[in-house]
Student: 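Have a look at the structure that comes next, please.
The basis for the numbers below is simple: all heavy atoms, side chains too, and nothing from hydrogens, waters or symmetry mates.
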Amino acid sequence: MTQNSDPVNVSQETLGRPAPPCTMVIFGAGGDLTKRKLIPALYNLAKGKLLPQEFAIIGVSRENFSSDDFRQRTGQEIREYATSEVEQASWDQFVKRLYYTPGDFKDPELYKKLGDLLVQAEKEQNTHGNCLFYLATSPTFFPIVVKQLGAAKLTNEENGKWKRVVIEKPFGHDLDSAVALNHEIGLVLREDQVYRIDHYLGKETVQNILAFRFANGIFEPVWNRRYVDHVQVTVAEELGVEMRGDYYEHAGALRDMVPNHIFQLITLTAMEPPISFDAQAVHDEQTKILRAVQPLNPEKVLDHAVRGQYGEGEIDGKHVPGYRTEPNVDPASTTETFVALALNIDNWRWAGVPFYLRTGKRLPTRSTEIVIRFRRPPFVLFRKTSVEKIAPNELVINIQPNEGISLSFEAKVPGPIVRLGAVNMDFQYSDYFGTTPSTGYETLLYDCMMGDPTLFQRADMVEASWTIVQPIIDLWKALPPRDFPNYAAGSWGPEQAHELLRREGREWHDCTQKAASLRNAAAGMSVLGTKA
Ligand code: BG6
């Protein structure tokens with residue numbers, strides 16, 4: 001996270017200096033991530049002058065084609081996946097830096113060829129021997145590629161040249177496998193050479209959580225158990241499992257979203273102020289939160305964790321199939337596509353404040369948000385208004401799709417009778433900063449090249465995350481679900497997810513309210529509803 005104090009008028013020059021010369025090697029160059037995210041992100045960085053002139057990309061995958069074929073294919077794909085118009089002149093410059101070598105990731109021969117190609121790229125593009133290896137492969141190859149890179153001495157740092165390895169998610173599929181993977185990686189690389197990526201940290205609004213909390217004086221004093229009733233994190237997706245049935249059948253919603261994306265949101269929301277924005281300081285505070293999460297024993301899992309799987313249903317007026325009939329999914333699958341949890345963070349700031357989280361596929365809308373629900377004030381002045389009708393203050397951090405922050409509070413509805421209405425103060429990112437189309441990978445790739453690991457996960461963070469979810473994995477495995485599918489596509493998940501909050505006198509925040517509020521704002525109305 002490079003820092004800049006210039007506020008709203010951020011010009012291109014102030015965005016940052018170009019990254020140092022280097023070569024980026026992409027393992028899995030034939031895959032979806034490369035064409036949809038990595039190449040468009042690198043192209044955006046090049047357009048924004050954040051890539052050095054001395055830069056090369058080497059694609060590696062099983063498919064047998066030449067560097068020229070790779071350039072041609074990438075040229076076709078960028079037109080489909082670029083986030084803004086592809087300018088011929090800048091693309092022509094970019095494409096010259098692409099190289100390719102085919103091979104089997106397990107075969108030491110590949111790494112010899114790769115070594116030669118790195119030397120060639122270094123000579124032709126003057127990359128100074130610095131190298132970023134990006135593992136955009138199936139996770140089974142992570143330890144294999146790292147081991148082979150080490151054996152071929154491609155990760156050796158000599159004469160001031162740096163070598164870093166970016167590892168995609170999923171990082172392990174449970175605690176043991178994550179520990180084993182960290183161990184294998186540690187045999188080859190120092191921790192500061194490893195960049196465990198979580199694309200949620202590339203989202204501007206996620207990074208903004210820290211700025212919002214720690215660059216403003218008014219929120220931190222109320223950001224604790226004394227004023228906060230509970231916190232909700234929702235990551236709702238309208239999409240189903242699409243063509244990823246193979247992967248998803250072994251992952252499920254819990255592994256796919258919780259120990260990574262959702263825990264990033266929770267740690268940034270709950271952590272203590274770090275002593276600086278230095279990676280170590282930020283990671284230390286995030287890790288403390290993960291360690292403070294109350295362990296879930298089997299009874300607690302039964303009580304605090306809900307799973308669901310979507311059946312057929314309707315979204316946006318269109319009929320959609322159930323999970324069990326999606327491609328590459330077992331017709332009797334017991335994989336969960338929805339999870340809701342109630343967690344407690346046992347520390348002085350948060351003890352007694354539940355953190356509810358939920359995520360699912362085929363929900364009614366796409367929305368990622370964090371809701372801080374404050375305690376009600378003493379309503380002595382409003383004795384004649386029943387308490388249920390007075391909404392508690394709520395701060396909603398909207399991560400996507402309508403990036404922004406809103407605060408709801410009670411106001412007097414104009415008129416001779418005292419009536420209260422819930423109103424919203426809304427900040428929309430786009431109103432102040434415009435929108436810069438991006439893939440979400442730009443900052444992350446740039447940070448790797450700059451050697452800033454703040455937005456990446458440290459080994460102990462990953463293990464602490466798996467430690468929290470492991471008891472759920474174990475219990476759910478031991479007790480396969482008998483009621484799947486238990487929610488219709490287009491609904492807000494199984495009834496038990498609502499029950500999880502209702503039994504404590506709470507409700508999930510209505511994510512669809514945001515869209516309604518934006519519509520109202522456009523129509524010049526700010527009052528969401530009035531409750532006499
Ligand atoms: C990925 C998961 O990591 O994140 C997907 O594997 C999920 O299942 C995706 O759809 C969600 O990302 P985003 O950025 O669309 O919220």
Side-chain angles (χ1 to χ4, degrees), residues 205-206 208-234 262-275 282 285-286 288-294 304 340-358 368-383 385-399 404-412 420-427 500-511 513-514 517 526 528-529 531:
T205 13
V206 175
N208 192 39
I209 299 172
L210 290 187
F212 178 76
R213 287 190 56 199
F214 303 130
N216 296 295
I218 61 171
F219 302 108
E220 211 43 31
V222 295
W223 210 260
N224 56 52
R225 62 196 295 267
R226 186 149 179 223
Y227 298 99
V228 175
D229 178 72
H230 71 273
V231 177
Q232 297 184 14
V233 175
T234 295
I262 294 189
F263 282 1
Q264 295 295 345
L265 301 180
I266 288 183
T267 53
L268 295 176
T269 305
M271 71 192 229
E272 293 302 312
I275 52 162
V282 175
E285 296 306 335
Q286 287 182 286
K288 277 192 215 160
I289 291 296
L290 295 169
R291 296 218 175 106
V293 172
Q294 234 175 43
H304 289 55
L341 300 178
L343 298 176
N344 285 297
I345 298 174
D346 250 346
N347 66 12
W348 277 67
R349 189 191 279 263
W350 295 116
V353 179
F355 279 67
Y356 300 107
L357 60 94
R358 62 176 170 170
T368 298
E369 62 171 35
I370 302 165
V371 178
I372 316 290
R373 173 77 63 91
F374 291 93
R375 290 185 190 283
R376 291 174 197 281
F379 280 126
V380 279
L381 292 179
F382 303 99
R383 283 210 187 91
T385 306
S386 73
V387 169
E388 306 81 67
K389 288 183 181 162
I390 299 173
N393 298 129
E394 213 167 56
L395 183 88
V396 181
I397 303 177
N398 251 89
I399 308 292
I405 294 174
S406 57
L407 180 67
S408 75
F409 56 94
E410 293 290 286
K412 180 181 171 298
L420 297 178
V423 296
N424 255 7
M425 265 191 327
D426 255 329
F427 153 70
L500 187 69
L501 271 73
R502 246 177 235 152
R503 68 183 184 212
E504 291 168 3
R506 300 177 174 118
E507 288 285 339
W508 287 105
H509 179 251
D510 178 5
C511 304
Q513 211 181 50
K514 185 74 201 165
S517 128
S526 61
L528 280 178
K531 300 165 200 150

Student: Supply the atom-to-atom distance Glu272 CD to Asn224 CG, rounded to the nearest 0.5 angstrom.
Tutor: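 Answer rounded to 0.5 Å: 9.5 Å.
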Student: Name the one of Ile289, Leu343, Val293 that satisfies side chain to side chain contact (heavy atoms under 4.5 Å, CB included) with Phe263?
Tutor: Leu343
Student: How far apart are the closest heavy atoms of Ala270 and Ile345, and which atoms are they?
Tutor: CB-CD1, 3.9 Å
Student: So, Arg373 side chain and His509 main chain: donor-acceptor pair closer than 3.5 Å or not?
Tutor: no
Student: On a heavy-atom basis, which atom in Val222 and which in Tyr227 lie closest, and how many Å separate them?
Tutor: O-CB, 3.3 Å
Student: For Lys412, check side-chain hydrogen bond (donor to acceptor under 3.5 Å, both in side chains) against everything at least two apart and list the hits.
Tutor: none
Student: Please identify which of these residues, Ile266, Ile397, Leu341, Val371, meets the side chain to side chain contact (heavy atoms under 4.5 Å, CB included) condition with Val233.
Tutor: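 Option passing the side chain to side chain contact (heavy atoms under 4.5 Å, CB included) with Val233: Ile266.
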Student: Phe219: what forms a ring pair (Phe, Tyr, Trp, His ring centres under 6.0 Å) with it, not counting sequence neighbours?
Tutor: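 Counting only residues at least two positions away or on another chain, Phe219 forms a ring pair (Phe, Tyr, Trp, His ring centres under 6.0 Å) with Phe212.
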Student: Go through the structure and list residues passing side-chain contact (heavy atoms from CB on, under 4.5 Å) with Pro273, not counting sequence neighbours.
Tutor: Phe214, Arg349
Student: Surrounding CZ of Arg503 (heavy atoms of other residues, nucleotides or ligands, distance under 6.0 Å), is the total greater than 12?
Tutor: yes
Student: For Asp229 and Phe374, indicate whether the former's side chain and the latter's backbone hold a donor-acceptor pair under 3.5 Å.
Tutor: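 No; zero donor-acceptor contacts below 3.5 Å.
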Student: As an exercise, state the distance from CG of Asn208 to CG of Asn398, rounded to the nearest 0.5 Å.
Tutor: 12.0 Å
Student: Using 0.5 Å steps for rounding, measure from the CE atom of Met271 to the CD1 atom of Ile209.
Tutor: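 Separation between the atoms: 10.0 Å.
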Student: If I take atom CD1 from residue Ile405 and atom CG from residue Asn424, how far apart are they, to the nearest 0.5 angstrom?
Tutor: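 Answer for the CD1-CG pair, Ile405 versus Asn424, is 12.5 Å.
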Student: Between Asn347 (side chain) and Trp350 (backbone), is there a donor-acceptor pair under 3.5 Å?
Tutor: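 Flag set: sc Asn347 to bb Trp350 pair under 3.5 Å.
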Student: Is Arg375 close to Arg226 at the side-chain level, that is, under 4.5 Å between some pair of heavy atoms?
Tutor: no
Student: Checking His230 now: which residues fulfil ring pair (Phe, Tyr, Trp, His ring centres under 6.0 Å) with it, not counting sequence neighbours?
Tutor: Tyr356
Student: Could you go step by step and tell me if Glu369 and Gln232 meet the side chain to side chain donor-acceptor pair (under 3.5 Å) rule?
Tutor: CA-CA 8 Å; Glu369 62 171 35; Gln232 297 184 14; over 6 Å; no
Student: Say you draw a straight line from OG1 of Thr234 to CZ of Arg358; how long is it, rounded to the nearest 0.5 Å?
Tutor: 3.5 Å
Student: Which atoms form the tightest heavy-atom contact between Asn216 and Ala211, and what is the distance?
Tutor: ND2-O, 3.6 Å
Student: If I compare all heavy atoms of Glu285 with all of Pro274, which pair ends up nearest, and what's the gap?
Tutor: CG-CA, 3.8 Å
Student: If you look at every heavy atom in Thr205 and Gly404, which pair is closest and at what distance?
Tutor: CG2-N, 4.1 Å
Student: Backbone N or O of Ile399 within a donor-acceptor pair of the Thr368 side chain at under 3.5 Å?
Tutor: no
Student: If the condition is side-chain contact (heavy atoms from CB on, under 4.5 Å), which residues does Ala351 pass it with, not counting sequence neighbours?
Tutor: Arg225, Asp346
Student: Please identify each residue that fulfils side-chain contact (heavy atoms from CB on, under 4.5 Å) with Leu407, with sequence neighbours left out.
Tutor: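 Partners of Leu407 by the side-chain contact (heavy atoms from CB on, under 4.5 Å) criterion, ordered by chain and then number, come out as Leu395, Met425.
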Student: Taking all heavy atoms of Arg506 and all of Pro354, pick out the closest pair and write down the distance.
Tutor: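 Shortest heavy-atom separation between Arg506 and Pro354 comes out as NH1-CG, 3.4 Å.
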